[in-house]
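Contents: one structure, followed by commentary.
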Amino acid sequence: MSAAALLGESVYRQLRQLILSRELAPGQSLSVPALATRLGVSRSPVREAVQQLIYEGLAVSVPHAGAKVATVDAARVRDVFAVRAVLDGLAASAAATRVTEGDLDKLAMILAAQEANLDGGTDAARDAALDVEFHTFIREASGNVCVVDELSRLEVQAHLYRGDLWCSARNRRVALREHRRIVEALESGDSASARVAAEAHVHGLLTRLDRA
Ligand SMILES: [Zn+2]
């Protein structure tokens, strides 16, 4: 990678992190000169990073006013999750025919870490990170690169929504039970059950979102 490309990648990652951590809040203007000053870089990598964020759905372009951080409402999250249910079902069903003993060991470790975290007072950020790790692992185990790419692009938008509102400790326990069902189906190598379990998990998330 050239120095310019490395810098561009670094600026993009920093901006993405600022948005996902809400230091740059939904609706906030993404002024290229201001961000270049803030990050101590020139304007062109910032401009390119903002284009990438627009493509990813984390920012929107405003005619004659540059770009701003995307705002995500519950309706949009529902749309994202409806697509996610289908794609995660596809991933789990494919993974069921391909997982190795080593993969199942890794998934068991993630579930154990989630359980330990819930028993130990629940660090919300850690729970969220383990959830991402769990789903990413299954998507990668499916061997379908398109599913991995689509979901990482799509799902990031759901992170803009105030997830803390509906991810109560109780909901996290329910989600962990749903994760166990997915792993059980993968263990038995049953594609149909794996699909059903993965879809049921995302539909469960949606139901809990609606209730919040
Ligand atoms: Zn999950």
Side-chain angles (χ1 to χ4, degrees), residues 20-21 56-58 72 74 76-96 98-99 103-212:
L20 291 176
S21 66
E56 209 179 9
L58 283 177
V72 170
R76 176 69 181 216
V77 174
R78 249 175 241 123
D79 289 346
V80 167
F81 276 34
V83 178
R84 187 189 146 181
V86 175
L87 293 181
D88 266 338
L90 178 66
S93 110
R98 297 168 43 103
V99 278
D103 292 337
L104 292 168
D105 287 347
K106 173 69 186 168
L107 286 168
M109 276 169 57
I110 299 173
L111 292 184
Q114 276 197 297
E115 177 143 42
N117 182 44
L118 291 181
D119 289 342
T122 309
D123 173 344
R126 174 147 171 81
D127 187 65
L130 287 167
D131 186 64
V132 170
E133 194 182 344
F134 177 80
H135 292 290
T136 305
F137 191 84
I138 293 174
R139 291 165 193 168
E140 285 173 355
S142 79
N144 187 329
V145 182
C146 296
V147 166
V148 176
D149 287 353
E150 274 312 308
L151 280 169
S152 76
R153 195 177 70 79
L154 187 72
E155 212 178 14
V156 80
Q157 297 174 40
H159 286 280
L160 288 178
Y161 192 71
R162 294 193 47 203
D164 46 313
L165 283 178
W166 48 287
C167 282
S168 65
R170 192 174 159 276
N171 284 345
R172 288 173 207 278
R173 290 236 169 246
V174 178
L176 177 57
R177 272 208 301 278
E178 292 166 351
H179 283 183
R180 287 197 193 292
R181 279 188 210 118
I182 297 170
V183 174
E184 281 161 18
L186 293 177
E187 261 164 357
S188 64
D190 181 342
S191 285
S193 315
R195 183 192 297 270
V196 168
E199 287 185 353
H201 175 46
V202 181
H203 289 140
L205 293 170
L206 262 175
T207 306
R208 297 192 282 280
L209 169 72
D210 282 336
R211 216 180 281 146

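For ligands, and for the atoms within them, numbers begin at 1 and follow the listed sequence.
Taking the Zn ion (ligand 1) as reference, the nearest N/O/S atom within H135 carries the name NE2. When distances from the Zn ion (ligand 1) to the N, O or S atoms of H201 are compared, NE2 comes out shortest. Within D131, the N, O or S atom at minimum distance from the Zn ion (ligand 1) carries the name OD1.
Separation of atoms CZ (R139) and CG (D88) is listed at 4.0 Å; rounding is to 0.5 Å.
Taking 2.8 Å as the threshold, E178 does not count as a candidate ligand of the Zn ion (ligand 1), since none of its N, O or S atoms lies below it.
Between H135 and H179, the ring planes are perpendicular. Angles over 60° get that label, and only those under 30° would be called parallel.
A salt bridge does not link E178 with R181: every distance from a Lys NZ or Arg NE/NH1/NH2 to an Asp or Glu carboxylate oxygen is 4.0 Å or more.
Not one N or O on the side chain of R78 forms a donor-acceptor pair closer than 3.5 Å with the backbone of L206.
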